[in-house]
Amino acid sequence: VEMAAAQRLREWKVRALLCFVLVAVWEAASGQIRYSIPEEMQRGSFVGNLAKDLGLDLKGLRDGGVSIVSTGMSQHFTLDSQSGHLCISERIDREKLCGRSPGCSMNLKILVEAEVKVYAVQIEIADINDNAPSFQEKEIILKASEITATGARFLLPDAEDSDIGVNSLQGYHISENKHFSLDVQTGTDGAKYAELVLEKALDREEEAAQDLTLTATDGGDPVRSGTVQIRVIVLDANDNAPVFSQPVYKATVFENVPKGYKVAKVNATDLDEGINAELSYSLRKSTDKSHIFQLDSRTGEVLVAGNLDFEESEFYELEVQAQDGRGLSTRAKVLIAVMDVNDNSPKISITSLFNSLPEDSSPGTTIALVNVQDRDSGENGEVDCSIVDNLPFRLHKSFEDYYSLVTEAALDREQISEYNVTVTATDRGNPPLSATRSLQLKVLDKNDNPPTFTQKSYTFSITENNPRGAPISSLKASDPDWGENARVTYSLLLPLLPGGEGSESPVSSSISIHSESGAVYALRSFDYEQLRELRFQVQAQDGGSPPLSTNVSVTLWILDQNDNSPEILYPASRSDGSTGVELAPRSSEPGYLVTKVVAVDADSGQNAWLSYQLLKATEPGLFRVGLQSGEIRTARSVLDKDALKQSLVVLVKDNGQPPLSASVSVTVVLADSLPQILSELSSLSASAAAAAGGGGGAEPQPGLTLYLVIAVASVSGLFFSFLLGLLALRLRRWRNSQLLESGASGNFSGVPVSQFVGIDGVRAFLHSYSQEASLTAGSRKSQILFPVVSCTNTLTAQQAPEKPAPLLGEDSYLNKDQVLNQRRLYSQLTQLLYMNPFLNRHPHPYERGGRGWKTKPMYLSRKWDHPDFQYLVLLLYHHSKETKLSKSSRLSFTSAITECTFLR
């Protein structure tokens, strides 16, 4: 039952709250904000959307610019700065707040500092059925004479219910009894009174006492009730009840009267005699405020027993009872009005908008709001507010008891840097009472000095591979202003990238700066090979309003570490780990260039200085490696005992600390010609077959002989094809020389430098067939492999000639026309080297980093068998795919290269 009752109570609260909010919105439109809420609501319950009803800005609420002005009473409400809702801060009991007054409301004042304005808010507290009727006595004893006639009435004690309206006391009923009935009457003030009516004559000899139960109920939902036991003692005759001289007594009293002061006197009479006429007086209703007065039970005088306070209660209502010796009684009311005296001094509360003020503030600037309160009434509550005259300020009354403290003249901090403003409030009572309150106000300078760095620009450095968060250095700026204007904060100025706001600057992901100390930290580990220099700007900004700032340029250098091993470009390793085969003639002299190991190091400085050394060789002392150049040359003449296949391991090491290295294996085949390679392979095969047959007289296996015959036939066919091709080229050269003599092609001066191309197949004719003999120890078969000739740009050593190749211009075995063509080609190739954009896009393997051929042209040798020249020819070949030459120019260029290459 209690749970159902609580549910109905909550539903009633919700319906009432909706109605009250609608009424409050209508009243807000009329100029005054009013809300109505039921009592006993939980703490934090919603009262009204004050921000919406007053049209306030939520930003001002969050900044603390709106507040509830306290008037000295208990703070029952709070204002939520986030939502602008007015909420309950503590439980409200209407009965304690307003007693039985029909109307109960609380008045609030809302201060809006941004508008320097105060709004009045009235909140009505509605009653709920939270109090059950109760009787003051646990048991009622009545005495009735046995000769009492039927119809006689006995006045019963009233039940107390602190609620009002429909929630207050609504009726009584009594338990079933054959002698008595209950008659409920309504007084002029609407109160319910219960009287016990004698329906059947009493007979003391039959029953000396009657026990009844009286129940009082209210009209709330759910209905609440209270009970009391009535015991009727049957006596002999007392048929007259006491009667008061008047039903209502009125009196007035000042709030400052002492205790024991006589306020009023009540008087009642009884027509009976003897004990039936002896009367006693008592207060019928006991409330929280009834203890302030006491009633003399013999004389009927009403005396002051507590402290009266007009500001707490202006009116008191007492109900007295007169009862004779036989239990008959009557009642009357005493109304007491309290008069005000000037016993409260004014109270001053200052809401300071500014504790400090810039010296350039214009006259009329509002500094603070002053609120003056006096709890007295009439002239005793009227207050005058003032300040001394010799200050550059004045008080301006803005709203009821609110004053604005504003500047009246210009301020000068150099003359007075601080003011002590004393506000005096005096009421108009007799004698007048006053109060004072002081306000401290400081005058501040303007923020007219930007921060200054100790240097015009900064240069820092950090070694690569640094840990994340490593400190780099720090910057320092100072500001000559005072206080907050001198507080300097540091920040990075990020450049605006072409991608817009979504683009991330490398500065933001690389470094950070401490906003207070100016210390610069690395957000990531730097890599010198990716980033060598980082430029950015740092801004120092003070805390003034508006803030002033200064920028400074900072350059961060990344220092190199030896963290990259050498990378070998040539000879390049294949997918199976091999690097190809280089060919060296057995007739080569000491110092003959077999091939060249080309390597690079991504580091810089001495970390990128590379040195080469021969780590392992099949024949120690046969080959040597240039310490700086990486060239593999013969150290002595090749001997007959030297093996056909030579395996070399070259170590490439940088100059870092500690040094890093890489190695590559190079295979060199020693042979003067292809037939010599075949013959040596045949002898090796025969020896292998004899060893496999177990000794001298065994014949070779037929299968191995067949394979050798097929291999020799194939090589012979290839050799004859080579001779035919060479003859065709000689015929073509002869034809081109005829064209040159007739002036068909002239020279190449008319053709743009960028139009010269390389020729396909130059490397094919510069190399002889390279072959590798592989003999299986457990087999009597020999396999001869003939790799396909490659025309790519891989650097491979050329077979050494029987004697050194002639330089340009040497006429040992070239005719005049051939020498002229040779020189003309060299001139055109030199122009290509310095002017052709294709070569700048494809740098020489010795030079990494995109520096191109123009940086060090001394690599181009005038010897046509030099690898530099061969590499240039191959690059020109790739470039020829993008160019268009006339037929005559192409023929002349091709003929010249062919002559210079093969007819030396």
Side-chain angles (χ1 to χ4, degrees), residues 464-465 527-530 532 559-584 590-636 645-669 770 790 792-798 842-853 855-856 858-861 866-868 870-872 874-875:
E464 67 170 333
N465 303 320
D527 189 352
Y528 173 82
E529 287 70 36
Q530 296 181 359
R532 301 189 177 186
L559 304 182
D560 183 41
Q561 276 188 338
N562 188 29
D563 57 345
N564 291 280
S565 300
E567 179 184 357
I568 298 176
L569 301 179
Y570 182 83
S573 298
R574 300 175 184 174
S575 60
D576 59 355
S578 62
T579 58
V581 178
E582 302 292 341
L583 184 63
Y592 174 78
L593 176 64
V594 178
T595 186
K596 184 173 186 175
V597 177
V598 180
V600 295
D601 195 312
D603 294 322
S604 66
Q606 68 175 9
N607 295 329
W609 296 352
L610 301 181
S611 59
Y612 303 82
Q613 66 182 51
L614 187 60
L615 190 63
K616 182 180 179 182
T618 304
E619 293 290 341
L622 179 58
F623 298 98
R624 59 180 173 85
V625 178
L627 180 63
Q628 303 297 334
S629 63
E631 295 177 345
I632 301 177
R633 297 179 179 271
T634 57
R636 60 174 174 81
K645 179 180 177 182
Q646 298 288 329
S647 296
L648 308 179
V649 178
V650 179
L651 177 68
V652 184
K653 182 171 62 174
D654 60 25
N655 198 35
Q657 291 297 329
L660 302 178
S661 62
S663 62
V664 64
S665 298
V666 179
T667 301
V668 180
V669 175
S770 64
S790 174
T792 64
N793 58 352
T794 303
L795 291 177
T796 310
Q798 173 186 338
H842 298 77
H844 193 275
Y846 297 171
E847 298 293 324
R848 288 292 297 271
R851 291 190 285 262
W853 290 73
T855 303
K856 295 183 179 180
M858 71 288 295
Y859 284 115
L860 181 63
S861 173
H866 197 280
D868 294 339
Q870 297 169 9
Y871 188 82
L872 174 62
L874 292 175
L875 288 178

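Atom CD of Q561 is separated from atom CD of E529 by 9.5 Å, given to the nearest 0.5 angstrom. Between atom CD of residue Q606 and atom CD of residue Q657 there is a gap of 7.0 Å, rounded to the nearest 0.5 Å. Rounding to the nearest 0.5 Å places CG of L622 at 14.5 Å from CZ of R633. Between R532 atom CZ and E464 atom CD the span is 9.5 Å, to the nearest 0.5 Å. Taking CD of E619 as the reference point, atom CD of Q646 lies at 5.0 Å (rounded to 0.5 Å).
Across all non-hydrogen atoms, the minimal contact from G621 to A635 is O-CB, 3.3 Å. The shortest heavy-atom contact between N607 and G656 is OD1-CA, 3.3 Å. When all heavy atoms of P566 and L610 are compared, the pair lying nearest together is CG-CD2, 3.9 Å. The shortest heavy-atom contact between Y612 and G626 is CB-O, 3.4 Å. The nearest pair of heavy atoms linking Y528 to D560 is CD2-OD1, 3.3 Å.
For the side chain to side chain contact (heavy atoms under 4.5 Å, CB included) with P571, the qualifying choice from V664, V581, T595, V598 is V664, the only one to do so.
Without hydrogens or angle criteria, S565 side chain to L660 main chain gives no donor-acceptor distance under 3.5 Å. Although no hydrogens or angles enter the test, the distance criterion places no donor-acceptor pair under 3.5 Å between the side chain of Q613 and the main chain of L651. A donor-acceptor pair under 3.5 Å is absent between the side-chain atoms of N655 and the main chain of W609, judged by distance alone. The closest donor-acceptor contact from the side chain of N562 to the backbone of D603 lies at 3.5 Å or more, if one exists at all. Although no hydrogens or angles enter the test, the distance criterion places a donor-acceptor pair under 3.5 Å between the side chain of T634 and the main chain of G591.
The shortest side-chain heavy-atom distance between T618 and K645 does not fall under the 4.5 Å cut-off.
No side-chain donor-acceptor contact under 3.5 Å links N564 and D601.
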message: With side-chain contact (heavy atoms from CB on, under 4.5 Å) as the criterion, how do I632 and L648 come out once you've worked through the C-alpha distance, each side chain's angles and the decisive distance to 0.1 Å?
response: CA-CA 10 Å; I632 301 177; L648 308 179; 3.8 Å; yes

